[in-house]
Number of protein chains: 2
Amino acid sequence: MTATKPTQPDALARTRERGHRTQAERRERTRTALLDATIDCLTELGYARTSVQEICARAGVSKGAQQHHFATKAELMAAAVEHLTNRIQAEILAASGDLPEGPELVEQGIDLIWQGFAGTLSAAVMELWVTARTDAELAAAIKPVDKALGRSTLELFQTLAPEMPQRTMETLYWLTVNLTRGLALDAQIGGDAARRNQLLTEWKRIALAVYRDDVT
Amino acid sequence: MTATKPTQPDALARTRERGHRTQAERRERTRTALLDATIDCLTELGYARTSVQEICARAGVSKGAQQHHFATKAELMAAAVEHLTNRIQAEILAASGDLPEGPELVEQGIDLIWQGFAGTLSAAVMELWVTARTDAELAAAIKPVDKALGRSTLELFQTLAPEMPQRTMETLYWLTVNLTRGLALDAQIGGDAARRNQLLTEWKRIALAVYRDDVT
DNA sequence: TGGAAAACATTCCATTCGGCATGTAAGTTC
DNA sequence: GAACTTACATGCCGAATGGAATGTTTTCCA
């Protein structure tokens, strides 16, 4: 390249035309790139095959940069837990906008929980969760975050159906969440989707009956 | 050692006093030792940290012997799946001896499923199951075996409660199994045991109501 | 505007992994 | 009891991993 304007340093020129990247911006950018790549790896490869090298490659970030932000792999995973939970919560909140009130909420709510707790992101959650069983550090990172997600989602429902007895709501909610997680496991190894849908339908019927009995 | 009887070879003498180990016996012994050690590793360390070296160490078996019986790690894992399923099935069958008939079967059956699908062995199942999501070979090994376990347990219940409509039985059974698996996940990372028991109690109540409605 | 600090990149290393090759001992068969 | 097969043991290798060390660029701030 023939430099015609020697007064301006080349680096600065590039900076100007591309726009100034503040440190906070750079930091945030590569951090989320790393965390998203981590979630990608977990969903596609599973925890056992997720290496920091692969994460860096997918994030388009050097190994040094990764170590700058997350000194150790465990630290990266712990951060990924929170990032992942935030994404799921956002997903749930976005889908909760058009929820009906009254009895219809039962059915729609079950669908919402299904989507939130058995969707694509939940595969990554499973990986981390199962790993956490034998990894105290990861478990410590997961427990509070997950509990918060569960409770906040429950509160969302309680707001939508104030007429419902709290006890009934809690029971139906947690039963649905745990059933969903079990079904999600089944789905992940290629269980019969038709039977899963049928079970979900039956459960809606049962839950609705419980709701009707308890609300009157 | 001062050999006083040169007529008999030393090796044979040892053989005689310890009893003759047939090839089939030796084979079976080290095989199950390896498979049990594999399950131990999965339970205690999780899949990611389970190495063949560790398995061999716990089984008290050399690496060569392991490779003789299971050429590859994947092969060992696939065999472990079957071994594990057999142990679970035996556990369930043993506990199913004193199951009542009639309505009480609902409660007791739920407890039985809980013990079978959320017991100690189920942690290893979870590890393999979650791993299978991103490991086609392992998934291929798990699917048929697990399906067989599920169906045979269902048939056990159907035998015990012939008066129950088949559709109702299937629904309650699979709902319970999946709920149990979800709760097992929760239990493994140290969720609140009291709430889990409460949910199980509520579910028994609901299931009993469903049974009563459908049986009349 | 010049130096400090933060962000990012490159290289290297000790360890561990799964698997292979080769060798020895025990059991089977004729 | 000798050939043969099966079971078991030891040592080694290339690949990959997580992490440390060190060097370079970009932004910040006084």
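Just so we're on the same page: letters track the sequence lines, and every chain starts at 1. The figures here come from the full heavy-atom set of this structure, side chains too, leaving out hydrogens, waters and symmetry mates.
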At less than 4.0 Å, is any side-chain N or O atom of [X] found next to OP1 or OP2 of [N]? Yes or no.
| X | N | answer |
| --- | --- | --- |
| B/His68 | D/dC8 | no |
| A/Thr72 | D/dG18 | no |
| B/Thr30 | D/dA7 | no |
| A/His69 | C/dC8 | yes |
| A/Arg27 | C/dA7 | yes |

**Proximity to DNA chain D (any heavy atom under 4.0 Å), residues of residues 44-60 of chain A only** =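 Residues of residues 44-60 of chain A that come under 4.0 Å of DNA chain D are, in numerical order, A/Thr50, A/Ser51, A/Val52, A/Gln53.
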Over how many whole Å does the gap from [X] atom [atom1] to [N] atom [atom2] extend?
| X | N | atom1 | atom2 | answer |
| --- | --- | --- | --- | --- |
| B/Phe70 | C/dG18 | CZ | P | 15 Å |
| A/Gln66 | D/dA20 | CD | C1' | 12 Å |
| A/Leu34 | C/dA9 | CG | P | 10 Å |
| A/Gln67 | D/dT17 | CD | P | 14 Å |
| A/Arg26 | C/dA7 | CZ | P | 8 Å |
| A/Lys63 | D/dA20 | NZ | P | 10 Å |

Between B/Arg133 and A/Glu127, is there a side-chain N and carboxylate O pair less than 4.0 Å apart?
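Salt bridge flag = yes for A/Glu127 with B/Arg133.
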Residues in side chain to side chain donor-acceptor pair (under 3.5 Å) contact with B/Gln89, at least two apart in sequence or another chain
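Here the qualifying residues are B/Ser152.
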TODO: Determine whether more than 12 heavy atoms belonging to other residues, nucleotides or ligands lie under 6.0 Å from atom CD of B/Glu75.
DONE: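 For B/Glu75, atom CD is crowded (more than 12 foreign heavy atoms under 6.0 Å).
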Checklist line | Watson-Crick or G-U stems involving DNA chain D, each at least 3 pairs long, distances under 3.5 Å, ordered by first number | finding: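 In DNA chain D, stems of three or more pairs: C:1-30 with D:1-30.
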